Amino acid sequence: MNIQHDKEQLTKQLLDWYKQNARVLPWREKATPYRVWVSEIMLQQTRVEAVKPYFERFIATIPDIPTLANTEDEVLAKLWEGLGYYRRVYNMKKCAQVCVEKHGGKLPNTYAELLELPGIGAYTAGAIASIAFGECVAAVDGNVLRVFSRVLVLEEDILKESVKRQYAKIVQMYIPKHESSAFNQALMELGATICVPNAAPRCNICPIADNCKGYQCGKAHYLPNKAAKKTRRIEKKTICVLRYKDKFHVRQRASQGLLAGLYEFDWLEGYQSKKAVSEYYKMYVVKNIRKLPDAKHVFSHIEWHMKGYLVEVEMPCEEGVWCTLEELKASYAIPTAYKAYKDALEKE
DNA sequence: GTCCCGGACT
DNA sequence: AGTCCGGGAC
């Protein structure tokens, strides 16, 4: 078989396609360094549709880097509530503080300097450097890995760091010197909309199919290769939503680790009976106790299997926060893991 | 329900 | 190698 792959032609096809088909996205409207940075951090491990509403609200609330450097963690957590990977927003604040101290309140404008900043790794540095500053540098995210794996039939495990560096060098050779921004975005856009994960790639409408080795030899659909992931550990918990009159009890999680700095309901290790829960909270004078729904929440490496109770008490404890449902929704960032219980309170 | 997707830091 | 989430496709 004669396999066709012309680098210059592929680049032109990709850029032409992108000019016609680029999605209209909020952060593309005015690609200022700040907006590009905020969007790229939000887009780490997160889909475009999920980011859209968060982006608009974040920019409206925190319009620039000096403001971000001085924003309370509580406010940041609330702006990030439900988006996941909460460390990202705390790193952004640290990053903003470094920008104020060392770079005149702005992001530095080179790949090398960006890479030094908290929360900015190889991909994000490449994305900001190319999209915001026009530097001719690759931005290799999961989309780009998938597209190039298929285009060149590269069969190594794309989760390996060494393989990612190798891809960056390869992609670098394809970037037109003065169009790195459009080229990088085009590759990611193709990966997100045509050369998709988790479903058959839409090769029939792909603008670069005739220069894609994977398509031509029929291997595109089973690339890229990834190492199998290991099983998650399961944690059993009993969620106890404490109520005193019209107020509910929440407490803040540790500032490090899982769901850092977010608020949660009380909980006990393992599955506890109504009687055991009642016994545990007897100091608070339990007036009534009722079953709430079971729930499950999956993280990267852990699964929470939850049982729940609504525990009405007459003697509120002094630790944590007692607040109405309205106050809870307005001011306290609750992770999605507790959604079933937060939703249950709506019916109370 | 089950499987899969996606960057940075330690 | 392990720690950090939430959502989409089926």
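These figures come from a predicted structure and were not determined experimentally.
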Chemist: Please determine, for the side chain of A:Tyr123, which listed nucleotide (C:dG6, B:dA8, B:dG6) has the closest atom?
Modeler: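 Among C:dG6, B:dA8, B:dG6, the one nearest the side chain of A:Tyr123 is B:dA8.
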Chemist: For residues 49-68 of chain A, tabulate all N or O donor-acceptor pairs below 3.5 Å that involve a side-chain atom, not counting sequence neighbours.
Modeler:
residue	atom	partner	partner atom	Å
A:Glu49	OE2	A:Lys52	NZ	3.1
A:Tyr54	OH	A:Glu81	O	2.6
A:Arg57	NH2	A:Leu79	O	2.7
A:Thr61	OG1	A:Arg57	O	2.7
A:Asp64	OD1	A:Thr67	N	2.9
A:Asp64	OD1	A:Thr67	OG1	2.5

Chemist: Atom CE of A:Met42 and atom C1' of B:dA8: how far apart are they, to the nearest Å?
Modeler: 17 Å
Chemist: I want to confirm an ordering. Mapping A:Ala200 and A:His301 to their closest nucleotides on DNA chain C, which one lands closer to the 5' end?
Modeler: A:His301
Chemist: Where the side chain of A:Arg87 is concerned, which of C:dC10, B:dC5, C:dC4 is the nearest nucleotide?
Modeler: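 The answer is C:dC4.
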Chemist: Counting side-chain heavy atoms from CB outward, which of B:dG6, C:dC4, B:dC9 is closest to A:Asn91?
Modeler: B:dC9
Chemist: Scan A:Ile302 against the nucleic acid and name what it touches under 4.0 Å (heavy atoms): base, sugar-phosphate only, or nothing.
Modeler: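 Touches nothing.
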Chemist: C:dG6, OP1 or OP2 - any side-chain N/O from A:Thr336 closer than 4.0 Å?
Modeler: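 Yes, because at least one side-chain N or O of A:Thr336 sits under 4.0 Å from OP1 or OP2 of C:dG6.
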Chemist: Between the side chains of A:Gln44 and A:Thr124, is a donor N or O closer than 3.5 angstrom to an acceptor N or O?
Modeler: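 Note: A:Gln44 and A:Thr124 side chains meet the donor-acceptor criterion.
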Chemist: Distance check needed: B:dA8 P versus A:Leu145 CG, whole Å only.
Modeler: 11 Å
Chemist: Any luck finding a side-chain donor-acceptor pair between A:Thr46 and A:Arg88 under 3.5 Å?
Modeler: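 Result is yes, a qualifying pair exists.
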Chemist: For Watson-Crick and G-U wobble pairs within 3.5 Å on both distances, what is DNA chain C written in dot-bracket notation, | included for inter-strand pairing?
Modeler: ||||||||||
Chemist: Rounded to whole Å, how long is the line connecting atom CG of A:Asn143 with atom P of B:dG6?
Modeler: 6 Å
Chemist: Could you walk me through whether A:Tyr174 and A:Glu8 pass the side-chain hydrogen bond (donor to acceptor under 3.5 Å, both in side chains) check?
Modeler: CA-CA 8 Å; A:Tyr174 284 75; A:Glu8 275 67 40; over 6 Å; no
Chemist: Where does the angle between the aromatic ring planes of A:Trp322 and A:His249 fall among parallel (under 30°), tilted (30 to 60°) and perpendicular (over 60°)?
Modeler: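 Taking A:His249 first and then A:Trp322, their aromatic rings sit tilted (interplane angle of 30° to 60°).
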Chemist: I want to verify a distance call: between C:dG8, C:dC5, B:dA8, whose nearest atom is closest to the A:Asn198 side chain?
Modeler: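 The answer is C:dG8, which lies nearest to the side chain.
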Chemist: On the side chain of A:Arg47, is there an atom forming a donor-acceptor pair with the base of B:dC5 - under 3.5 Å, no angle test?
Modeler: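 Pair found.
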Chemist: Among C:dC5, B:dG7, C:dT3, which is the nearest nucleotide to the side chain of A:Arg233?
Modeler: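 Of all the options, the side chain of A:Arg233 is nearest to C:dT3.
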Chemist: Is the backbone of A:Glu155 close enough, under 3.5 Å, to the side chain of A:Asn225 for a donor and an acceptor to pair up by distance?
Modeler: yes
Chemist: Considering only B:dC5, B:dT2, C:dG7, which nucleotide approaches the side chain of A:Lys296 most closely?
Modeler: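 Of the options given, the side chain of A:Lys296 lies nearest B:dT2.
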Chemist: From the list C:dT3, B:dC5, C:dG6, which nucleotide is the closest neighbour of the side chain of A:His297?
Modeler: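 Looking only at heavy atoms from C-beta outward on A:His297, the closest nucleotide is C:dG6.
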Chemist: Looking across every strand, which nucleic acid part, if any, lies under 4.0 Å from A:Ile41 by heavy atom: base, sugar-phosphate, or nothing?
Modeler: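 A:Ile41: no heavy atom of the nucleic acid under 4.0 Å.
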Chemist: Measure CZ/A:Arg232 against P/B:dG1 and give the value in whole Å, please.
Modeler: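 Distance check: A:Arg232 CZ to B:dG1 P gives 14 Å.
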Chemist: Which nucleotide, C:dC4, B:dG6, B:dG7, lies nearest any side-chain atom of A:Thr124?
Modeler: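 Of all the options, the side chain of A:Thr124 is nearest to B:dG7.
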Chemist: OP1 or OP2 of B:dC4 less than 4.0 angstrom from a side-chain nitrogen or oxygen of A:Lys226, does that happen here?
Modeler: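 For B:dC4, OP1/OP2 do not have a side-chain N/O of A:Lys226 under 4.0 Å.
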Chemist: Report the distance from atom CD1 of A:Ile334 to atom P of C:dG6, rounded to the nearest whole Å.
Modeler: 12 Å
Chemist: Using heavy-atom distances to pick each residue's nearest nucleotide on DNA chain C, tell me which of A:Leu259 and A:Glu49 is more 5'.
Modeler: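 Nearer the 5' end of the strand: A:Leu259.
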Chemist: What integer distance in Å separates A:Leu262:CG from C:dC5:P?
Modeler: 8 Å
Chemist: Have A:Gln252 and A:Tyr332 got a donor and an acceptor in their side chains that come within less than 3.5 Å?
Modeler: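 Not at all, the side chains of A:Gln252 and A:Tyr332 share no donor-acceptor pair under 3.5 Å.
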Chemist: With a 3.5 Å cut-off and no angle check, do the side chains of A:Glu189 and A:Thr193 form a donor-acceptor pair?
Modeler: no
Chemist: Quick one: A:Met188 CE to B:dG6 P, roughly how many Å, whole number?
Modeler: 13 Å
Chemist: Which part of the nucleic acid does A:Leu115 contact within heavy-atom distance under 4.0 Å: base, sugar-phosphate only, or nothing?
Modeler: nothing
Chemist: Taking atom NE2 of A:His301 and atom CG of A:Leu258, what is their separation to the nearest 0.5 Å?
Modeler: 6.0 Å
Chemist: Mapping A:Ile158 and A:Lys94 onto DNA chain B by nearest heavy atom, which one lands closer to the 5' end?
Modeler: A:Ile158
Chemist: How many Å lie between CH2 on A:Trp304 and P on C:dG6, as a whole number?
Modeler: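 After rounding, the reported distance stands at 9 Å.
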Chemist: From C-beta outward on A:Gln44, which listed nucleotide comes closest to its side chain: B:dA8, C:dC5, C:dG6?
Modeler: B:dA8
